[in-house]
Amino acid sequence: MPLPTEPIGSIPRPRELLAALDAYRAGRIDLAGLDAAYDAAVEDTVRRFEATGSPVITDGEQRKPSFLTYPLQLLDTLAADGLTIAFADGHARQLPRLIRGPFRYAAYADAYLERARRFAHRPMKQAVIGAPALSLLYPRGGIPDYPESAFLSDLKREVALDIRRCFDRGADSVQIDFTEGRLAVKLDPSKALL
């Protein structure tokens, strides 16, 4: 019996894209070459998702620098020494720390959707990061002249704008990543935080 399903969020990047990222960092290819590698990975991901028969597909987040921090690229209001999250497999992810307000996104998910739609023949959904995960950017000690309440208000506005922009660009649906659910249980196994 078939079960209706649809893809969610990130899928592993193909070897060719990983090699292109390494080549770009080493100066062996230029930005145009990297962009072509991103396009090839997105096109392949879209084609494979369409072949599954799923009524809604994604780009597998091939082009995003990170499912969690894509809105933050190149912001000058962040420091690199934010919350560190350790994972059971031994790797860790460190979030940036907000150092001043106001909080604004530098990039929105609709740009990834727009690039992927060129390859799609089915409705597309777009994954966005949720406000609770990004709320971890605000430091425990606060920020002078930028209270947490102002940050949370700015954050909610930016998340809503991210979602709205995806729908405006033709997303069939928008998936809000709930990565903080697992994180909440990791930080507080009693699940009271969650």
Side-chain angles (χ1 to χ4, degrees), residues 2-76 78 80 85 87 89-96 104-130 133-134 158-159 161-180 182-183:
L3 296 173
T5 62
E6 62 185 51
I8 60 167
S10 304
I11 64 164
R13 289 179 169 159
R15 286 188 185 107
E16 297 81 8
L17 178 55
L18 295 174
L21 285 163
D22 287 342
Y24 177 74
R25 289 183 199 110
R28 294 190 308 272
I29 65 171
D30 62 8
L31 190 55
L34 179 60
D35 197 48
Y38 276 127
D39 278 347
V42 170
E43 184 175 18
D44 180 61
T45 300
V46 166
R47 181 183 53 78
R48 288 173 185 252
F49 274 142
E50 287 183 337
T52 69
S54 179
V56 177
I57 60 166
T58 76
D59 66 356
E61 297 186 308
Q62 295 296 325
R63 199 175 278 280
K64 280 183 181 174
S66 163
F67 79 96
L68 177 60
T69 59
Y70 69 88
L72 310 176
Q73 302 307 301
L74 306 176
L75 285 178
D76 65 356
L78 301 171
I85 305 164
F87 292 87
D89 67 359
H91 85 281
R93 180 168 294 173
Q94 186 165 26
L95 295 174
R104 301 285 185 272
Y105 278 19
Y108 296 88
D110 67 307
Y112 307 112
L113 173 69
E114 185 65 22
R115 296 290 300 257
R117 288 184 65 215
R118 297 180 299 153
F119 306 114
H121 302 94
R122 297 223 173 144
M124 293 197 71
K125 103 169 146 178
Q126 181 61 51
V128 300
I129 192 63
L134 290 177
E158 288 296 290
V159 169
L161 180 58
D162 200 21
I163 294 167
R164 193 173 314 112
R165 287 174 61 129
C166 290
F167 282 122
D168 289 347
R169 284 272 179 107
D172 174 80
S173 53
V174 174
Q175 166 189 311
I176 301 172
D177 281 336
F178 188 56
T179 190
E180 63 276 9
R182 281 183 51 202
L183 176 59

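For this chain, numbers begin at 1 and follow the sequence in order.
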Search all heavy atoms of [X] against all heavy atoms of [Y] and return the closest pair with its distance.
{"X": "C166", "Y": "Q126", "result": "SG-CG, 3.5 Å"}
{"X": "P12", "Y": "Q62", "result": "O-NE2, 3.4 Å"}
{"X": "G130", "Y": "I176", "result": "CA-CG2, 3.6 Å"}
{"X": "K125", "Y": "Q175", "result": "NZ-OE1, 3.2 Å"}

Just verifying a value: how many Å separate [X] [atom1] and [Y] [atom2], rounded to the nearest 0.5 Å?
{"X": "R115", "Y": "E43", "atom1": "CZ", "atom2": "CD", "value": "12.0 Å"}
{"X": "T69", "Y": "Q94", "atom1": "OG1", "atom2": "CD", "value": "12.0 Å"}
{"X": "Y38", "Y": "L31", "atom1": "OH", "atom2": "CG", "value": "9.0 Å"}

Salt bridge flag under 4.0 Å for residues R15 and D22 =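 D22 and R15: not salt-bridged.
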Flag for E61-Y70: side-chain donor and acceptor within less than 3.5 Å |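 Y70 vs E61: no donor-acceptor pair found between side chains.
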Exceeds 12 heavy-atom contacts within 6.0 angstrom, atom CZ of F119 =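 More than 12 within 6.0 Å, yes.
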Tell me, yes or no, whether the heavy-atom count around R122 atom CZ, taken from other residues, nucleotides or ligands under 6.0 Å, exceeds 12.
->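 Yes, CZ of R122 has more than 12 neighbouring heavy atoms, counting only those of other groups under 6.0 Å.
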Contacts of type salt bridge (Lys or Arg N to Asp or Glu O under 4.0 Å), residue E16, not counting sequence neighbours |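 Counting only residues at least two positions away or on another chain, E16 forms no salt bridge (Lys or Arg N to Asp or Glu O under 4.0 Å).
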Just jot down the salt bridge (Lys or Arg N to Asp or Glu O under 4.0 Å) partners of R165, sequence neighbours excluded, or say none.
->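 Checked R165 against salt bridge (Lys or Arg N to Asp or Glu O under 4.0 Å); matches are D110.
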Going by the side chain to side chain donor-acceptor pair (under 3.5 Å) test, which pairs reach into residues 49-60, not counting sequence neighbours?
->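 Passing the test, one end in residues 49-60: E50-H121.
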How about Y108 and V128: do any of their side-chain heavy atoms sit closer than 4.5 Å?
->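 Side-chain contact under 4.5 Å: no.
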